[in-house]
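First comes the structure, then the notes that go with it.
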Number of protein chains: 2
Amino acid sequence: MDIKLKQQASAITDLTFDLLRCCEAKEKLFAKDHGLKVAEFRCLRIIEAGKTYSVQELATNMHLSPSRLTRIIDGLFAEKLVDRVQSIEDRRFAKISLTGKGQTLVGKLKEEYAELHGEMLKDISTDQRDKIYEGISLMGELVSDWLVKNS
Amino acid sequence: MDIKLKQQASAITDLTFDLLRCCEAKEKLFAKDHGLKVAEFRCLRIIEAGKTYSVQELATNMHLSPSRLTRIIDGLFAEKLVDRVQSIEDRRFAKISLTGKGQTLVGKLKEEYAELHGEMLKDISTDQRDKIYEGISLMGELVSDWLVKNS
DNA sequence: TCCTTTTCTTTGCCAAAGGCAAGAATATTG
DNA sequence: CAATATTCTTGCCTTTGGCAAAGAAAAGGA
């Protein structure tokens with residue numbers, strides 16, 4: 001039993017390791033093709049149109065430090081993709097949101113990034129896609145929970 | 001049908017995106033805990049004891065440029081974890097391999113990294129672990145194939 | 001053989017990514 | 001009001017990474 005766990009853990013360790021490298025390469029290519037820095041793409045992708053976010057929210061979400069986020073937002077602000085206003089209720093907070101231009105871009109990015117994945121997934125069966133969904137969903141939760149406990 | 005693909009692609013896009021962030025954080029933590037730079041950990045992990053590798057092989061494997069690899073190997077060499085000798089058959093090639101110290105370390109790293117994943121996986125069923133394995137395995141191949149075609 | 005071309009690695013240089021510690025501004029609490 | 005805590009930004013540093021040129025070696029002509 002325990003041996004079974006060990007084998008599975010080892011196999012999954014290797015697979016996630018490889019998947020990670022590939023997905024990083026994929027993100028880098030995609031961002032470059034759209035004239036964005038990888039960090040900018042990653043940040044834009046998690047900002048929903050109409051919502052506002054504090055620096056800390058974004059930092060936590062992206063697993064980065066607040067100071068790093070300040071810099072990323074600086075870049076997006078300079079390109080007029082996001083607005084940054086001081087919160088009125090608590091003026092320590094920044095309220096970051098997408099500009100009109102930002103919303104248009106993010107819409108396009110999401111669309112095209114999903115298309116890219118559609119391209120990858122188009123030649124396998126619906127069932128297999130479900131298996132991918134299920135597997136990655138399970139793994140994502142486990143890793144996320146583990147991070148909460150261990151950092 | 002096509003709508004189904006679109007939905008699945010979109011869902012999988014989001015999931016892999018989140019998984020990627022979490023796994024990066026996980027790698028960073030693990031490397032730090034073992035006194036290694038992330039790039040060093042990633043490099044060491046793909047070098048098998050007793051085998052030799054060219055710079056290019058490692059670069060391709062890690063999806064990095066040869067020049068970047070030279071630097072990573074410089075670091076590992078300075079710590080006496082890898083050997084770097086000129087190939088005798090073709091003296092343009094470097095032959096990179098683990099030193100004794102490197103083998104010991106890599107053995108420990110692999111063991112402990114698998115243990116870490118074992119810790120994450122221990123509370124779910126064998127079946128669910130198989131689902132994770134299957135899903136990530138499928139996805140890994142798809143992304144890898146896509147990269148070959150698109151870069 | 002000698003010259004050109006190709007291949008593999010390294011080096012110099014630069015950009016991007018990211019964190020830490022200190023500071024500024026604002027809230028909160030005693 | 002004074003002390004403390006929170007939020008963000010800034011300065012400074014490390015790490016990560018690539019490109020282009022240079023070196024060194026092999027392979028191919030003529």
Side-chain angles (χ1 to χ4, degrees), chain A residues 20-21 24-46 52-79 82-97 151, chain B residues 20-21 23-45 52-79 82-97 151:
Chain A
L20 201 54
R21 297 292 85 68
E24 282 174 351
K26 182 192 70 186
E27 275 191 358
K28 188 169 286 191
L29 266 176
F30 185 82
K32 198 176 178 183
D33 282 352
H34 290 77
L36 290 168
K37 293 172 190 168
V38 175
E40 290 177 338
F41 166 59
R42 290 179 177 183
C43 184
L44 281 175
R45 209 181 165 290
I46 62 172
T52 67
Y53 301 79
S54 71
V55 169
Q56 239 180 10
E57 273 179 294
L58 294 175
T60 304
N61 210 309
M62 296 177 69
H63 300 275
L64 293 175
S65 67
S67 68
R68 178 69 187 119
L69 251 290
T70 295
R71 262 60 187 257
I72 296 171
I73 293 159
D74 283 348
L76 295 173
F77 186 77
E79 298 170 65
V82 302
D83 267 338
R84 170 163 50 184
V85 300
Q86 208 177 27
S87 164
I88 304 170
E89 310 94 61
D90 186 333
R91 292 185 353 215
R92 289 170 300 183
F93 281 83
K95 287 172 73 172
I96 292 137
S97 58
S151 57
Chain B
L20 202 54
R21 295 295 84 69
C23 285
E24 283 173 350
K26 182 192 69 187
E27 276 192 355
K28 188 169 285 191
L29 266 177
F30 185 82
K32 198 177 179 182
D33 282 352
H34 289 78
L36 291 168
K37 294 172 189 168
V38 175
E40 291 177 337
F41 166 59
R42 290 179 177 183
C43 185
L44 281 175
R45 210 182 163 291
T52 67
Y53 301 79
S54 70
V55 169
Q56 241 181 7
E57 273 179 294
L58 294 175
T60 304
N61 210 309
M62 296 177 69
H63 300 275
L64 294 175
S65 67
S67 67
R68 178 68 186 117
L69 252 288
T70 294
R71 262 63 186 258
I72 295 172
I73 294 161
D74 283 348
L76 296 174
F77 186 77
E79 298 170 65
V82 302
D83 266 338
R84 169 163 49 184
V85 300
Q86 208 178 27
S87 165
I88 305 170
E89 310 93 64
D90 186 333
R91 293 185 349 216
R92 289 170 299 184
F93 282 83
K95 287 172 73 173
I96 292 137
S97 59
S151 56

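Just so it is clear, the structure is predicted and the values come from calculations on it, not from any experiment.
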Quiz item: Taking atom types as they are modelled, is there a donor-acceptor pair under 3.5 Å from the base of D/dT6 to the side chain of A/R92?
Solution: yes

Quiz item: Hey, which of these two, A/F93 or B/V38, hits DNA chain D nearer its 5' end, going by closest nucleotide?
Solution: A/F93

Quiz item: What nucleic acid atoms does B/R68 come within less than 4.0 Å of, heavy atoms only: base, sugar-phosphate, or nothing?
Solution: base

Practice problem: For A/L58 and C/dA17, give me the distance from atom CG to atom P, rounded to whole Å. | Solution: 16 Å

Self-check item: Non-hydrogen atoms of A/T52 and A/S97 that approach each other most closely
Solution: CG2-CB, 4.0 Å

Self-check item: Gap between atoms CZ and C1', on B/R71 and D/dG17 respectively (whole Å)
Solution: 10 Å

Quiz item: What integer distance in Å separates B/F77:CZ from C/dT11:P?
Solution: 12 Å

Quiz prompt | Distance, rounded to the nearest Å, where B/L36 contributes CG and D/dT15 contributes P | solution = 12 Å

Practice problem: Calculate the interatomic distance between A/L64 atom CG and D/dT7 atom C1'; express it in whole Å. | Solution: 17 Å

Self-check item: Interatomic distance, B/E40 CD vs D/dT16 P [rounded to whole Å]
Solution: 7 Å

Exercise. Mind listing the closest non-hydrogen atom pair of A/R84 and A/T70 along with its distance?
Key: NH1-O, 4.0 Å

Quiz prompt | Minimum heavy-atom distance between A/A31 and A/V38, given as atom pair plus value | solution = CB-CA, 3.9 Å

Quiz item: Looking for any heavy atom pair under 4.0 Å, which part of the strands does B/K95 touch: base, sugar-phosphate only, or nothing?
Solution: nothing

Quiz item: What are the two closest non-hydrogen atoms of A/R68 and A/A39, and how far apart are they?
Solution: NH2-CB, 3.7 Å

Quiz item: Over how many whole Å does the gap from B/D90 atom CG to D/dA25 atom P extend?
Solution: 10 Å

Quiz item: Which heavy atom in B/I72 sits nearest to a heavy atom in B/C43, and how many Å separate them?
Solution: CG2-CB, 3.8 Å

Quiz item: Taking N and O atoms by type only, does the side chain of B/R91 place a donor or acceptor under 3.5 Å from a partner on the base of D/dG23?
Solution: no

Quiz item: Going by modelled atom types, is there a donor-acceptor pair between the base of D/dC19 and the side chain of B/S67 at under 3.5 Å?
Solution: yes

Quiz item: Between atom CG in A/D74 and atom C1' in D/dT9, what is the gap in whole Å?
Solution: 8 Å

Quiz prompt | A/I73 or A/E24, whichever maps to the more 5' nucleotide of DNA chain D | solution = A/I73

